[in-house]
Engineer: 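I'd like to ask you about the structure that follows.
By convention in this document, chain letters (A, B, ...) are assigned in the order of the sequence lines, proteins followed by strands, and residues within each chain are numbered from 1.
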Amino acid sequence: MHVLIVEDDQVIADHIVSGLGHVGYQATLARSGAEAIKAWAAGSHQAVVLDRMLPDIDGMAVIDHLRAGGADVPVLMLSALGSVKNRIEGLRRGADDYLAKPFSIDELAARLEAIVRRASQRGGRSGLSIGMLALDASSLRATYRGAAATLNRKQYSLLAHLMGHADTIVTRAMLLEAVWSYSFSTATNIVESNMSRLRTALQEIGCDPIETRRGAGYVLRSDRCA
Amino acid sequence: MRLTRGGALPQAPLGRLAIQFGFAFAAAMIAIGLIGFGVADHWVSRRIDRSLAYHADKYVSRVRNDPAADQHLRAAIDEWQHRKVLSERTYVLFDRHGRRIAGRLDIAPPPPGFSSVRFTGGGRHLEEGRALAKTLPGGGLFVVVQHSEAAEGLHAILPTAVVAICLVALLLGVSATLLFARLTARRLAETQAAASAIAAGDLSRRIATDRLDGMFAVQAESLNRMLDHMEDLVRAQQLFSSNLAHDLRTPLMRLRSLLDAASRDDRAAIAPLVERAERECSSIIAIFDALLRLAEIETGQHPTAMAPVALRPLLEDIADTMEPVLADRGGGLDIGHMAPVTVIGDPDLLSQLLINLLENVATHTPPGTRVTLSLERGGEDAVITVRDDGPGMASVEFARVTRPFERGAAASDRRGSGLGLAIASAIARFHQGHLTLVDAAPGLAVRISLPAVEPSVRRDAMAALQTA
């Protein structure tokens, strides 16, 4: 995947380019809004990582330019301004996701993958079943090869989100946002504790598709749902 | 402002103020003087005119229809002159050709009615008098002239009096202003001294009010109240900064130690060190995230989605989330009484409030501590109670621990941002409610009271929120 990185800070830009390079992304670096617009016109990028505060024009103005030109490329906005208000501003302006500095490169890569995947799925969403594992929204039940487990609302939402992002890493912060809609950080392992309950329930019906990637997040592996 | 040697305050120059007040006072006095002179002059003139009319009538009425009026009047005037040696009043008779035929006063015939005449009094200087001329049946003119020394004196002293009044009034005005300014400055000196002392760092200094009265005392008391509040704020800010610095020192020191160790260790040992260093970074970031959140809530910058919130499903949702967390620590979460109560609030903030309280139990109580979450209707309020059966807290600590970075004794050696209760308390205040700590013996109960709304009035409440 080819990503356009727009970041004026040398250290952070190098960190992002090399970090994304390690997970197999090709990156073009632009150090200003004007460079970004030029690079976008010249290349074919599948995603944009855009710093909000740039030396020449604001990151918001870059999004405006892209959207005005008809580009529906997924944009992940980066900013040191990480308050809820700032996030809402960024998302309303046309960003697909918003990540506050400081962030980990794994979080950036996972979010980038999620927004690219979401963009490719626009217009049609697959049902909540992967292989033999299926979820029933009305009864909050997970079924696997004829066995069923009743989940509570949070376990159901967790599994549904992981199934919707099967085979990609979903970080703890992404789950907190998607499943709980919490815009604050928590002091305890809310995600881990609930994930543990979910995995126990799935193991009881003979299915163990969730893999913990230490320090990165979770992956629901579709090959384990066969 | 600098204090002079010995603590005396420099007097501020009065500048244009005294001069302006002096001139204003002088102008007022001159106006009063002129009005007084005008009234006096008018009064004297009226008295003279009445006297002239009386005396003229006295003579003319006797000869009203007499063809020989001129002779009779001439005789009467001669007789009067013979009788009166000294008088302010005199009579003059003119024939129909305007020739003076009686009377000593050498004047030209005045027009009929009242008029002013000028004449030479006793061969000396020119004098002024008031005259009343009446036309006689035979064409002659009978004139009564009265010379008032009072009126003339009044007019004579007018310019001198005006100048004198002006000077005296100016002097008095400036003196009064100077005196008033000095008295005001003396009363304000305490305020100036206190302001200078506070500016120099003495936050405990206050304005002495024992020698002040009236508006000066009211102003000083008002300023003292403001200074009390400011001192509290500054002290709280100082405490906040010092607590923040203290709280950051530990994770930063740990981080530096880890980086130091990583620089010396071989590659195989670096991975766990880096992982621990990342955890330390996360804890520093968490402190700043929590601080940002607290500031957002307290300054009203948080973008709120205020709406009617049914608390029961929200609490059940929180219980679903936190039960596994508490269970992982050997404890548990029980649902107590759940009344169907609705409040107007921001679900995101209310969730954070409850998560913070339950995380406090999970983090700062011994393993095995159980929590009960309940919701009741208490009068006009919805009352949420988070009660644990842990070791509790001394009631003297209740007020302190809701402040930023202040921890209870049980939590002092544990990690955490130290902002959880402060944020929870700020969220309760944001919703016009309050958070109180109660000794649950055993354990601690945190009670959150929020204004409840009836289902029938929800629409009105929402309308009020939208227009607020």
Engineer: For the residue pair Phe184(A) and Tyr182(A), categorise the inter-ring angle as parallel (less than 30°), tilted (30 to 60°) or perpendicular (more than 60°).
Structural biologist: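 Plane angle under 30°, so parallel.
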Engineer: Assess whether atom CZ of Arg329(B) is packed by more than 12 heavy atoms of other residues, nucleotides or ligands within 6.0 Å.
Structural biologist: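 More than 12 heavy atoms, drawn from other residues, nucleotides or ligands, come within 6.0 Å of this atom.
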Engineer: Within the side chain of His431(B), is there an N or O that forms a donor-acceptor pair under 3.5 Å with the backbone of Asp346(B)?
Structural biologist: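 Indeed, once roles are kept as given, a pair shorter than 3.5 Å links the two residues.
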Engineer: Surrounding CZ of Arg370(B) (heavy atoms of other residues, nucleotides or ligands, distance under 6.0 Å), is the total greater than 12?
Structural biologist: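 More than 12 heavy atoms, drawn from other residues, nucleotides or ligands, come within 6.0 Å of this atom.
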Engineer: Select one option (side chain, backbone, both, neither) describing which atoms of Asn360(B) are under 4.5 Å from chain A's heavy atoms.
Structural biologist: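 For Asn360(B), neither part sits under 4.5 Å from chain A.
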Engineer: Which answer fits Asp320(B), side chain, backbone, both or neither, if we ask what part of it has an atom under 4.5 Å from a heavy atom of chain A?
Structural biologist: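 Interface part for Asp320(B): both.
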Engineer: Can you tell me which portion of Arg153(A) sits under 4.5 Å from chain B's heavy atoms? Options are side chain, backbone, both or neither.
Structural biologist: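 Backbone plus side chain of Arg153(A), per the 4.5 Å heavy-atom cut-off to chain B.
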Engineer: Using non-hydrogen atoms only, which part of Glu316(B) is less than 4.5 Å away from chain A: side chain, backbone, both, or neither?
Structural biologist: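 Both parts, heavy atoms under 4.5 Å.
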Engineer: Identify which of Ile355(B), Leu326(B), Leu349(B) forms the greatest number of heavy-atom pairs closer than 4.5 Å to chain A.
Structural biologist: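 When all of Ile355(B), Leu326(B), Leu349(B) are compared, Ile355(B) has the most.
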Engineer: Could you look at Ser181(A) and say if it's the side chain, the backbone, both or neither that has a heavy atom under 4.5 Å from chain B?
Structural biologist: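 For Ser181(A), backbone heavy atoms alone lie under 4.5 Å from chain B.
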Engineer: Hydrogens and angles aside, do Thr369(B) and Asp388(B) bring a side-chain donor and acceptor to less than 3.5 Å of each other?
Structural biologist: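 Per modelled atom types, Thr369(B) and Asp388(B) side chains form no pair under 3.5 Å.
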Engineer: At what distance, to the nearest 0.5 angstrom, does CG of Asn189(A) lie from CD of Glu359(B)?
Structural biologist: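 Rounded to the nearest 0.5 Å, the CG-CD separation comes out at 9.0 Å.
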Engineer: So for Asp348(B), is it side chain, backbone, both, or neither that comes closer than 4.5 Å to the heavy atoms of chain A?
Structural biologist: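 Asp348(B) touches chain A through backbone and side-chain heavy atoms alike.
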Engineer: Please state whether the side chain, the backbone, both or neither of Ile190(A) comes within less than 4.5 Å of a heavy atom of chain B.
Structural biologist: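 Both parts, backbone and side chain.
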